[in-house]
Amino acid sequence: MTQFLLQACWWVPLYGLIGAILTLPWSTGTVRRTGPRPAAYFNLLMTVLAFLHGSVIFTATWDQPPQQLLVHWVQAADLDLSFAIEISTVSVGAMELVSVLSLLAQIYALGYMEKDWALARFFGLMGFFEAAISGIAISDSLLLTYALLEVLTLSTYLLVGFWYAQPLVVTAARDAFLTKRVGDVPLLMGVVTLSTLAGSLNFSDLETWAETATLSPVVATLLGLALISAPTAKCAQFPFHLWLDEAMEGPNPASIMRNTVVVGAGAYVLIKLQPVLALSPIADAVLVVLGAVTAVGASLVAIAQIDIKRALSHSTSASMGLVFIAVGLNQVDIALLLLFAHSIAKGLLFMSVGSIITTTNTQDLTEMGGLWSKMPATTTAYLVGAAGMVALLPLGNFWAMRRWLNGFWTVPLWLVIVLLLVNGLTALNLTRIFGLVFVGKPQPKTRRAPEVGWPMALPMVILTVMGLLVPWMLQEWQLLISWTGPWAETGDFDALNLLLKTLDTPLLLLSGLIGVAVGVAIYWYGVLPRPVRLPVPALQDLFAYDFYIDRVYRLTVVWAVAFISKISAWTDKYVVDGAVNLFGFATIFSGEGLKYSGTGQLQFYVLTIAGGVAVLLALIIWQF
């Protein structure tokens, strides 16, 4: 039975698709008498089956070598387009993480969207969403992954635009779709190029090919830049980072998935492509630069936001920036650690934020306060999620960051500075949100805010327990570095060297504690007179408006597109249409002229033909 389920692992993504199909009678309005909730239950049932199936597979693949299932799609001459599925602990574990978070998000949605008239449509889209991300997790084919990324882009568009009657929602959905399409087009070019150069689009084959490939620097660079374009857009990295901020207009249960496994899917594809990207030092350098700029910039932007969801969405971009840096430095294990720790922690944060929005009916931080005693489960979930996002003992992100900085004397100084700065700013941002939302005097909208009901509280409590167990999970998976450190292997126990080699832990803890201390001083004890705004108005506006990137786009990209469009419209109107109209007018004019010259006499027509022939002969003779 286990072997059968192992071979049928490709069914796990199909469960979500089947659930989406089963919701159609309710989402299309064919069935109305029962209300939309049966559609939600069908989709939940399919997700439970996916979770159970994935659990059996994950157990069977533990400590086993990777296997591959190959499905040939098109075979003609030298063309072989095949879909490969990888059955390994990492791929199945990623798929299982998607199933768990999707299941919890859907249970959460039962409470969050209880009175929404389009509940069936939402659950159908969530099943569609889950199918695409689960397929990406176990796909070993770049061609299949590209197709699933397109499905993911479409489902993101539909979920962001779920409340399509609101103008801001329509704009956010459009921007998210177009931004991702900009990244997908170069990726398609890279897929076509790789199929020609490598002869295969399976990730395992590409890794083998990359070990011996000899490409010119120009080809390797262009190929690497094409392949990183789509992950850059999916992970909301600079300069494609604005869409995630706008996408917060969608329902919060979808935001849970979007800020955990959706952005993680883009980073996961990037990790899979790392052997090919390593062929170009320039591509790796671009990854590092994009990641560092986004990590620091998004962390600064987050501390100036007054919308609670947008403040957390920018921290998502910052976390993905660290993953980009890890991949650019060829540290895939660090990238996987960061992805796992981020998914659990950020899921908790968005669940707690959704509970706050449900009970207060606002997302404005200036209208909140004093919720810690009124919403204990939500407060606990937020604290565990916030601790998991920052390198503070004992939760997951600390172990990921410590492994990265282990023996920091071998790590570039700029990387140490970036990691510590991002860690401190993230701690400041999350402490800031806690101080404005949970501490202080209750505001009118928070004075009587109750704790959420069990459909929202249950998944939040389950994910809180999972967040507390992340260090144990990492230890079981042997992803933690021993506290003894690498000096134990060499027998170097010199006191000074030992002190230097153990400074990574104090530095990480100190950076996080400084961020927390600054946040407590400003947002809990009111050191600043207006804690919601930064003390320097220019800095507040610079960070709040995202370094004015949207205005820069309007003055450059948007202006260039509008200018080219005007030139194209003028050319079409006066050159293309003008030439056609000229021939039309000439035909009409000549026809009207000939109409009056027709006499009906045969000799006149013969004379006209003879005159024309004479003119043609004269021209021919003149040419020679």
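Just so you know, these numbers come straight off a predicted model, no measurement behind them.
Side-chain N or O atoms of Glu451 include one that pairs as donor or acceptor with a backbone N or O of Thr378 at under 3.5 Å. A distance-only check finds a donor-acceptor pair linking the side chain of Ser313 to the backbone of Arg310 [under 3.5 Å]. Judged by distance alone, the side chain of Gln305 and the main-chain N or O of Val301 form a donor-acceptor pair under 3.5 Å. One N or O on the side chain of Trp243 and one on the backbone of Ala233 form a donor-acceptor pair closer than 3.5 Å. With hydrogens and angles disregarded, no donor-acceptor distance shorter than 3.5 Å links the side chain of Tyr112 to the backbone of Met456. When atom types are taken as modelled, the side chain of Thr446 and the backbone of Met368 share no donor-acceptor pair closer than 3.5 angstrom. In this structure, the side chain of Tyr382 engages the main chain of Leu430 through a donor-acceptor pair within 3.5 Å. Remark: the backbone N or O of Ser204 is not paired with any side-chain donor or acceptor of Asn202 at under 3.5 angstrom. For the pair Asn259 (side chain) and Phe350 (backbone), a donor-acceptor distance under 3.5 Å is absent. When atom types are taken as modelled, the side chain of Arg432 and the backbone of Ile303 share a donor-acceptor pair closer than 3.5 angstrom.
Across Gly266 and Pro231, no two heavy atoms sit closer than the pair O-CB, 3.5 Å. The minimum heavy-atom distance linking Ile256 with Ala105 is given by the pair CG2-CB, 4.4 Å. Minimum heavy-atom separation, Ile271 to Ala335: CD1-CB, 3.7 Å. Of all non-hydrogen atoms in Asn423 and Ser511, the two that sit nearest each other are ND2-OG, 2.7 Å. Between Ala236 and His241, the shortest heavy-atom distance links the atoms O-CB, 3.1 Å. In terms of heavy atoms, Ser343 sits closest to Leu101 at CB-CD1, 4.2 Å.
Here Met248 contributes atom CE and Arg258 contributes atom CZ; the two are 5.0 Å apart, rounded to the nearest 0.5 Å. Atom OG of Ser99 is separated from atom CG of Leu104 by 10.5 Å, given to the nearest 0.5 angstrom. If you take CG on Leu290 and CD1 on Ile325, they are separated by 10.0 Å, rounding to the nearest 0.5 Å. Considering CG of Leu152 and CZ of Phe129, their distance stands at 5.5 Å, rounded to 0.5 Å. Atom CZ of Phe123 sits about 9.0 Å away from atom OH of Tyr41, to the nearest 0.5 Å. Between atom CD1 of residue Ile334 and atom CG of residue Leu339 there is a gap of 11.5 Å, rounded to the nearest 0.5 Å.
Classified by interplanar angle (parallel below 30°, tilted 30° to 60°, perpendicular above 60°), the ring pair Phe58/Trp62 is perpendicular.
At least one side-chain heavy atom of Leu69 sits less than 4.5 Å from a side-chain heavy atom of Cys9. Using a 4.5 Å heavy-atom cutoff, the side chains of Val288 and Asp284 are not in contact. Considering only heavy atoms from C-beta on, Val327 stays 4.5 Å or farther from Val332 through its side chain. Within the 4.5 Å cutoff, the side chain of Leu349 has no heavy atoms near those of the Ile433 side chain. Residues Asn397 and Leu338 have side chains in contact (heavy-atom distance under 4.5 Å, counting atoms from C-beta outward). Under the 4.5 Å side-chain criterion, counting only non-hydrogen atoms from C-beta, Leu392 is not in contact with Phe398. Considering only heavy atoms from C-beta on, Phe434 stays 4.5 Å or farther from Asn429 through its side chain. Residues Leu159 and Pro251 form no side-chain contact, since every pair of their non-hydrogen atoms from C-beta on lies 4.5 Å or further apart.
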From CA spacing to verdict: side chain to side chain contact (heavy atoms under 4.5 Å, CB included), Leu148, Ile133: CA-CA 8 Å; Leu148 292 172; Ile133 305 173; over 6 Å; no
task: Using the side-chain hydrogen bond (donor to acceptor under 3.5 Å, both in side chains) rule, take Ser315 and Thr426 through it: C-alpha gap first, then chi angles, then the decisive distance, then the call.
output: CA-CA 7 Å; Ser315 71; Thr426 302; over 6 Å; no
task: Show your working on side chain to side chain contact (heavy atoms under 4.5 Å, CB included) between Leu270 and Leu287 and close with a plain yes or no.
output: CA-CA 10 Å; Leu270 191 70; Leu287 280 176; 3.9 Å; yes
- prompt: How far apart are the C-alpha atoms of Gln106 and Thr47, what are their side-chain angles, what is the distance that settles it, and do they pass the side-chain hydrogen bond (donor to acceptor under 3.5 Å, both in side chains) test?
  reply: CA-CA 9 Å; Gln106 289 180 51; Thr47 304; 3.0 Å; yes
- request: Please lay out, stage by stage, how Gln68 and Asp140 fare under the test side chain to side chain contact (heavy atoms under 4.5 Å, CB included).
  value: CA-CA 8 Å; Gln68 189 183 68; Asp140 193 40; 2.5 Å; yes
message: Using side chain to side chain contact (heavy atoms under 4.5 Å, CB included), reason through Thr61 and Ser88 one step at a time and then give a plain yes or no.
response: CA-CA 6 Å; Thr61 57; Ser88 66; over 6 Å; no
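When the options Leu463, Leu469, Ile462 are evaluated for a side-chain contact (heavy atoms from CB on, under 4.5 Å) with Val465, the one that passes is Leu469.
Donor-acceptor pairing under 3.5 Å is lacking for the side chains of Gln237 and Ser317. With 3.5 Å as the limit, one finds a donor-acceptor pair spanning the side chains of Lys180 and Thr156. A donor-acceptor contact under 3.5 angstrom links the side chains of Lys346 and Thr316, judged on distance only. Between the side chains of Gln64 and Thr89, no donor-acceptor pair is found at a separation under 3.5 Å. At a cut-off of 3.5 Å, with distance as the only test, no side-chain donor of Thr359 or Lys374 sits close to an acceptor on the other residue.
For the ring pair (Phe, Tyr, Trp, His ring centres under 6.0 Å) test, no residue two or more places apart in sequence or in another chain qualifies with Phe128.
Listed by first and then second residue, the ring-ring contact (aromatic ring centres under 6.0 Å, His included) pairs that reach into residues 311-333 come to none, sequence neighbours excluded.
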